[in-house]
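Basis for what follows: all heavy atoms, side chains included, without hydrogens, waters or symmetry-related copies.
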Amino acid sequence: AATKGLIMAGGGIHGSNSTYMNAVYPDVQGTATSWGNLPGGTGLDNTEGSGIGNSTICIVAGGRDNNVYVVKGNYMSMETAGNGTNFGNLATAAMWMACAGNETVGIYYSGWRGAYNNFSQKYTFASAGTAVYWGNPYSTMYNGAGASDSTHGLFVGGWGATTIALYTFSTNSTATSFGTTPQYDGNWQGAGAASNQVRAVYAGGHTSATNGWQYNTIATTGNSQAFGDGVNAFGDGWLQAAGSMERAVAGGGTLQNGNA
């Protein structure tokens with residue numbers, strides 16, 4: 001089957017919140033397809049939440065529902081279209097977390113809960129239940145992006161961060177510095193990231209109004225490098241991205257005058 005990514009949990013900037021999920025196939029050019037809906041209702045709305053998955057399921061957790069930070073985590077199958085169902089709560093409610101993972105675990109990094117969230121949280125994909133605390137960010141940030149190989153996660157951008165942080169999935173410890181990106185402060189807030197087992201690539205970001213991509217080689221610490229340009233400037237950021245072994249795609253987000 002073709003490699004698949006899910007784009008979901010949008011809204012809150014230029015329109016009403018959305019519970020729709022869409023499937024994209026990085027190796028197959030074409031329009032995204034409907035994949036189902038996230039649960040709605042008070043305390044269940046994962047708008048502005050964060051998601052990561054393996055080859056079997058995806059978990060989207062946290063978010064903001066009527067200015068209340070959401071603790072719920074919901075999952076959906078990566079194999080069969082359908083609606084999201086409860087997986088288990090975050091250890092602490094938060095929104096705008098960056099995510100990265102492997103086939104076993106997903107890490108939800110930093111974020112915002114009325115202040116910077118100074119810890120990370122971990123779900124184990126094979127076991128529904130409450131997330132556990134899993135170390136501390138190298139530097140707090142919100143609305144960044146995550147990418148990974150099977151061993152390490154990279155967390156880049158976001159408001160309040162100027163570094164790329166490195167996590168080792170098997171180790172409950174503080175993240176370490178990996179490098180930096182060329183834009184600072186808010187310019188990589190809302191970036192989208194995707195990866196394979198060799199490279200992580202990043203696109204867009206708030207106020208950058210750029211169509212440029214950056215990349216890192218995951219096995220080698222260092223600053224990000226220019227990777228090329230997209231077709232369109234990403235403008236105001238808030239992208240989502242997905243990748244296969246060969247391609248990365250970025251979609252959604254907002255422009256200065258409306259949704260992208």
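The side-chain hydrogen bond (donor to acceptor under 3.5 Å, both in side chains) test applied to Gln225 returns no partner, not counting sequence neighbours.
In this structure, CD1 in Ile218 is found 7.0 Å from CG in Asn196, a value given to the nearest 0.5 Å. In this structure, the separation between CZ on Arg113 and CG on Leu90 is 11.5 Å, given to the nearest 0.5 Å.
The main-chain N or O of Glu246 is found under 3.5 Å from a side-chain atom of Ser244 such that the two form a donor-acceptor pair. Under a 3.5 Å cut-off, the side chain of Asn117 and the backbone N or O of Ser120 do not form any donor-acceptor pair. A donor-acceptor pair is defined here as one N or O able to donate and one able to accept, closer than 3.5 Å; such a pair exists between the side chain of Glu103 and the backbone of Ser55. The backbone N or O of Gly222 lies less than 3.5 Å from a partner atom in the side chain of Asn216, making a donor-acceptor pair. A donor-acceptor contact shorter than 3.5 Å is absent between the side chain of Thr168 and the backbone of Ser170. Side-chain atoms of Ser110 come within 3.5 Å of backbone atoms of Met141 as a donor-acceptor pair (strictly under, hydrogens ignored). The main-chain N or O of Gly153 is never found under 3.5 Å from a side-chain atom of Ser148 such that the two would form a donor-acceptor pair. The main-chain N or O of Val70 is never found under 3.5 Å from a side-chain atom of Asp65 such that the two would form a donor-acceptor pair. Between the side chain of Gln121 and the main chain of Tyr109, no donor-acceptor pair closer than 3.5 Å is present. One N or O on the side chain of Asn136 and one on the backbone of Asn118 form a donor-acceptor pair closer than 3.5 Å.
Put simply, the side chain of Asn86 does not reach to within 4.5 Å of the side chain of Tyr75, judged on heavy atoms. Side-chain contact between Thr3 and Tyr25 is absent, with no heavy atoms from C-beta onward closer than 4.5 Å. Here the side chains of Leu6 and Met78 are in contact, with some heavy-atom distance below 4.5 Å. The closest side-chain heavy-atom distance from Ile57 to Ile59 is below 4.5 Å. With a 4.5 Å cut-off on side-chain heavy atoms, Tyr138 and Thr163 count as touching.
Using modelled atom types and a 3.5 Å distance limit, the side chains of Glu48 and Trp96 yield a donor-acceptor pair. Side-chain N/O atoms of Thr180 and Asn223 include a donor and acceptor closer than 3.5 Å.
In this pair, Tyr108 and Tyr123 present their aromatic rings perpendicular. The plane angle is above 60°, beyond the 30 to 60° band.
Taking the ring centroids of Tyr202 and Tyr215, they lie at or beyond the 6.0 Å cut-off.
In this structure, Phe178 is not a member of the same hydrophobic cluster as Val198, with clusters built from ILVMFWY side-chain heavy atoms closer than 4.5 Å.
Residue-environment remark: CZ (Phe87) exceeds the threshold of 12 foreign heavy atoms within 6.0 Å.
Clustering of Ile, Leu, Val, Met, Phe, Trp and Tyr by side-chain heavy atoms under 4.5 Å joins Phe119 with Tyr133.
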> Going through the checks in order, is the ring pair (Phe, Tyr, Trp, His ring centres under 6.0 Å) test met by Trp112 and Tyr142?
Replying inline: CA-CA 6 Å; Trp112 184 258; Tyr142 64 82; 5.0 Å; yes
